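Below is one structure, written out as structure tokens, with a few remarks after it.
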Amino acid sequence: VQLQASGGGLVQAGGSLRLSCAASGRTFRSYVMGWFRQALGKEREFLAAISYSGGNKFYADSVKGRFTISRDNAKHTADLQMNSLNPEDTAVYYCAAGYKYSELGSQYAYWGQGTQLTVSS
């Protein structure tokens, strides 16, 4: 599967943004979808994951209550709605597809190219 992340940009602190991940291929519903980010000079960080059907969602404590992951298996997309953004959320955001849920990036087989989010204070 090939993944294409989009929706990044520049937003003011307190604002919201929605990232989208478009997947190619007919097996999209076979993958757990995850979102990660990597800030400059920092390690990649797990944010959220969603199960094959979308019935189960998992969040890192750092974004719980602010970010919401969703998926549309008919459209082959997985989105990340981000609210109450702050400058610490500035990073490159990546979507990923894996065969089972994990917070470890190494467990995801496919990655999108990343989209930059910058939050200004």
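Worth saying up front: this structure is predicted, and the values here are computed from it rather than measured. All values below were derived from every heavy atom in this structure, side-chain atoms included, with hydrogens, water molecules and symmetry-related copies excluded.
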Using a 4.5 Å cut-off on heavy atoms from C-beta on, say whether the side chain of [Y] contacts that of [X].
X     : Y      : value
Leu19 : Thr115 : yes
Cys21 : Met33  : yes
Leu47 : Tyr59  : no
Asn56 : Ile50  : no
Cys95 : Gln113 : no
Phe58 : Glu103 : no
Met82 : Tyr93  : yes

Between CG on residue Leu17 and CD on residue Gln12, distance to nearest 0.5 Å = 12.5 Å
ask   = Say you draw a straight line from CD of Gln4 to OG1 of Thr77; how long is it, rounded to the nearest 0.5 Å?
value = 13.5 Å
Consider only side-chain N and O atoms of [X] and [Y], and report whether a donor and an acceptor are under 3.5 Å apart.
X     : Y     : answer
Ser16 : Asn83 : yes
Ser20 : Asp79 : yes
Gln81 : Ser70 : no

key: CA sep, side-chain torsions, deciding dist, call: Arg66, Asn86, side chain to side chain contact (heavy atoms under 4.5 Å, CB included)   = CA-CA 11 Å; Arg66 297 192 300 127; Asn86 58 67; 3.6 Å; yes
Nearest non-hydrogen partners of [X] and [Y], listed with the distance:
X      : Y      : value
Ser62  : Glu45  : OG-OE2, 3.0 Å
Ala91  : Gln116 : O-NE2, 3.4 Å
Ser120 : Pro87  : C-CG, 4.5 Å
Ala48  : Leu80  : CB-CD1, 4.3 Å
Tyr108 : Gly34  : CE2-N, 3.9 Å

key: Partner of Arg37 by side-chain contact (heavy atoms from CB on, under 4.5 Å), out of Val92, Asp89, Thr90   = Asp89
query = Which one of Tyr101, Trp111, Tyr99 satisfies the ring pair (Phe, Tyr, Trp, His ring centres under 6.0 Å) criterion with Tyr31?
reply = Tyr99
task = Spell out, yes or no, whether Phe46 and Val63 are grouped together once hydrophobic residues are joined by side-chain heavy atoms under 4.5 Å, including indirect joins.
result = no
key: Ring center gap for Phe36 and Tyr94 short of 6.0 angstrom   = no
Greater than 12 external heavy atoms within 6.0 Å of Arg18's CZ = yes
inquiry  = Using only atom types and a distance under 3.5 Å, with no angle test, would you say the side chain of Lys57 pairs donor to acceptor with the backbone of Ile69?
reply    = yes
ask   = Is the side chain of Arg71 donor-acceptor paired with the backbone N or O of Phe28 at a distance under 3.5 Å, no angle test?
value = yes
